[in-house]
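To keep things clear, I will list the structure first and then write my remarks on it.
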Amino acid sequence: MTVRPLARGFRVIPLALALVVLGHSRPVAVADGQPPTPKAEAPPKAVEKGWTFDEARDRLALAPRDPYLQYVLLQLGRREGREWEAYDLVRERGSILGGLLWRDRGRRNRADLFATFTGALALQESLQLDTMRRGRPEQPEPRAIVEPAPAPQPPKPKRPEKVAVSKLTGPTVPSHPWEKMLGGKKPDVGALAGCVPEEFYFAEFRSAVRLHEVLGAGELWAGHVFTQALGGARSQQTADRVKKQLGLAGLTPEQIDRLGVEAIGVTGSDPFLCEGSDVTVLVQGKNIATLATLAGAAQGGKVEKGEHVGIAYTYRSTPDGAVNAYAAGPRPDLHVRGNSLAAFKLVLETIAGRTADGKPAKRLGESAEFRYVRTRMTRGAEEDGFVYLSDSFIRHVTGPQLKLTERRRVLVYNHLRMIGHAALMFRTEHGRAPKSLEELAEAKCAPGVFGKGALPHPDGGTYSLSADGMSGVCSKYGRAENLTPCIERPVTEVSGEEAKEYQEFVAEYSQYWRTFFDPIAVRVTTTAKQYRLETLVLPLIDNSIYTELARGAGKPVPMDLLPTPKREIGGLWVHFPKRELLDVLGPDRPAKVPGPAERLRRADERARASIELAPVGRAAHLYHDARGHFPDDIRDKNGKALLSWRVAVLPFMEHETLYKEFKLDEPWDSEHNKKLVAKIPRAFSARPPGVGPGKTPYLRPAGKGTLFPPDKAFKIGEVTDGTSKTVLIVEAADAAV
């Protein structure tokens, strides 16, 4: 959206700023269409060690991103009739999305459930807020502007109740001409790449020690990133959990390498490792058959046998499910071990070269794509590890079956986490674990019975409490700490709404990758002094993200021209071409640097302007919530403006009494209305020195290309280029009215 230049002396409040400020106020109306939460029966008597609302609020102030504290505050707010206060506190302090999460009322799952690599852990807070909001009671809408009934609209096309996933089409971006790019070259791709299905990811390392080092560094750096970015270190110890599942927890990397390891590979069908995914390990070496014996002796458990495509395998499991390992030795120098039978069988088929129905199996190592990339990143002694996400893998990850399966699985994850929060809250209050999900709801420790009523299972399953009563169990996906892999629960049929959401994801995805899918290759080198990562970005065509990055950064420059000082661990260098940027920004001009006093004055002025504008911006958004569009002037039946939009928002600034005094069918300077100018609220009269009594410096930019065009009422959903770039209100120091 474009905005006309403003005269000197204007201050603006961007639409995005108003949205954030809105998070500090109590909304005026709710349009979810949900009935008020029915009054539950009297819960079991709580003990003295239960939470109070004020205690939970104070705790949340210390740890605003803690999902359990958010849950407790929201649930206590429901009990004590303080829903609005609880929702506003969590929205302001807890949610990383802040008030933006609540703008589109009536829609569920505001978190991006279709992001390519997003995991359940990152989405749980947002999904929890959205789930709790369903039971939020309706509030009476304040009296506002009386508008004529809208013209009848044609009925919207009815979506089908059920849609077969096979009928949905994923991104139709074609592949690069790999055979032509390969040009007949025959690079060394390694033996393990020929054991991996073409649509799986693949990571290969020279040894178990190198793999362990990289995984350890990844866990360490991930902890630091979470601490700095989110204010708390979150780690699900994914590597340790998967090693235990595979029956390798009792073996050190050094023990495995002593078996004569030549290469070790990791593969799987999706990237959702943190919440639970299929992982298959391939170990190549001289005496590698001994690995199965050592792993079995270390873990114990029940052992079963099976066969697939002519390859014998064993299945070892423990009653608690901690060990869940399928193992096979299809060749004397190869050992295969996985935690999912469905994925394990696909790997065996790839090794055998044929599928269960006799068709040729597609191997990653034989694809022209992989071989071409290996001509650009050749195998050698300097390579400790190589990670590859193929064209087929990315196509699979963005396809309808995996996307829609993971969407439902993430919603289940959120329900399971909330059941755990409810159980802990119950135990705190009653000194014992709950006996059932119904008891949690009766005690008002849960917003309802999970799996029933307003909290249905998204995939048709059921929920129950674990044996100790302190966590949830799903009949389809198991426990939150280790969900059943998507490959074992493929969704075949979805609702019309789910299909629509996926189609929207495809449309958005295709805007970025319009011509070719682009595989991702990363080479890892580890030494005592450094960790080195190299990535391959293919020369892409116009309209891709990479093209835009290259346009801003210019031609590559040698990094050895920019050495890292000894006092630093590392750095990030960005090259901006001066000549090209000056063509856009204008010629060099010496800037007048303000002194300390002037900088302080400007900072104070900006802070004061933001505070003064906040109530007005908040009112404009509350008006939008209630009326469906941003406030306009009050007009007569012929469209002539009678009263300012500032009068229209008075009911949303707690000045409904003053609003009722105005005669809405008379102009602002009528004998009656003109007397009310002196009663202008302080929120409008806060102004720079020099603005006379009864005036306001707050104006809205109107006209084509603004939020207030002459021919329509504008809605927030029509802002297409970012709310931070769109002006809502301006403070005109020299043009007060």
Side-chain angles (χ1 to χ4, degrees), residues 115-118 173 175-176 178 181-182 185 187-190 192-193 196 198-206 210-211 213-222 224-225 263 265-268 270-271 273 364-365 367-398 509 512-513 515-527 529-541 544-562 564 569-576:
T116 303
F117 297 108
T118 300
V173 185
S175 299
H176 286 272
W178 298 114
M181 295 167 65
L182 181 61
K185 298 177 182 178
D188 177 15
V189 298
L192 294 185
V196 175
E198 191 176 21
E199 71 275 13
F200 279 25
Y201 70 81
F202 177 52
E204 181 182 11
F205 289 82
R206 286 197 297 125
R210 289 288 187 264
L211 174 60
E213 287 178 356
V214 173
L215 290 176
E219 290 275 357
L220 177 63
W221 282 102
H224 288 311
V225 169
V266 180
T267 188
D270 68 54
L273 294 174
L364 177 65
S367 68
E369 168 200 340
F370 188 78
R371 287 182 289 145
Y372 169 77
V373 171
R374 270 313 199 180
T375 66
R376 304 296 302 273
M377 303 183 84
T378 58
R379 299 181 83 232
E382 74 282 357
E383 179 182 284
D384 292 315
F386 182 73
V387 180
Y388 193 71
L389 309 183
S390 68
D391 180 321
S392 297
F393 173 75
I394 297 175
R395 197 180 298 276
H396 166 67
V397 167
T398 57
Y509 185 92
Y512 293 102
W513 273 264
T515 302
F516 292 130
F517 266 96
D518 304 314
I520 300 170
V522 179
R523 180 157 55 192
V524 182
T525 304
T526 64
T527 68
K529 294 183 178 180
Q530 69 173 354
Y531 285 86
R532 180 175 178 175
L533 301 178
E534 302 172 70
T535 185
L536 175 67
V537 178
L538 296 174
L540 305 177
I541 42 67
S544 77
I545 291 177
Y546 300 119
T547 302
E548 295 302 316
L549 291 175
R551 184 178 301 170
K555 296 180 180 180
V557 296
M559 288 294 100
D560 56 359
L561 298 179
L562 301 166
T564 302
I569 294 177
L572 174 66
W573 293 275
V574 181
H575 174 86
F576 292 103

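Counting only heavy atoms from C-beta outward, the side chains of Tyr201 and Val266 approach each other to under 4.5 Å.
Rounding to the nearest 0.5 Å gives a distance of 11.0 Å between CZ of Arg376 and CZ of Arg523. Put simply, NE2 on His396 and CD on Glu198 are 12.5 Å apart, with the number rounded to the nearest 0.5 Å. Annotation: the span from Phe200 atom CZ to Asp270 atom CG amounts to 9.0 Å, rounded to 0.5 Å. Considering OG1 of Thr267 and CG of Leu192, their distance stands at 10.5 Å, rounded to 0.5 Å. Between atom CD of residue Glu383 and atom CZ of residue Phe205 there is a gap of 9.5 Å, rounded to the nearest 0.5 Å. The structure places CD of Glu199 at 9.5 Å from CG of Leu364, a figure rounded to the nearest 0.5 Å.
For the ring-ring contact (aromatic ring centres under 6.0 Å, His included) test, no residue two or more places apart in sequence or in another chain qualifies with Phe202.
Each of Val189, Leu182, Asp391 was checked for a side chain to side chain contact (heavy atoms under 4.5 Å, CB included) with Phe370, and the lone residue meeting it is Val189.
Of all heavy-atom pairs spanning Ser392 and Glu369, the tightest one is N-OE1, 4.3 Å. Across Pro187 and Arg371, no two heavy atoms sit closer than the pair CG-O, 3.1 Å. Listed here is the closest heavy atom pair of Arg395 and Val173: NH1-O, 2.9 Å. Ala521 and Thr535 get closest at one heavy-atom pair: O-OG1, 3.0 Å. Nearest approach of Leu389 to Ile394, heavy atoms of both residues: O-CD1, 4.1 Å.
At distances below 3.5 Å, not a single donor-acceptor pair connects side-chain atoms of Thr378 with backbone N or O atoms of Thr375.
Ring-plane geometry between Tyr372 and Trp178 is classed as tilted, the angle between the planes lying from 30 to 60 degrees on a 0 to 90 degree scale.
Cation-pi geometry between Arg374 and Tyr388 is not satisfied (NZ or CZ under 6.0 Å from the ring centre, within 45° of the ring normal).
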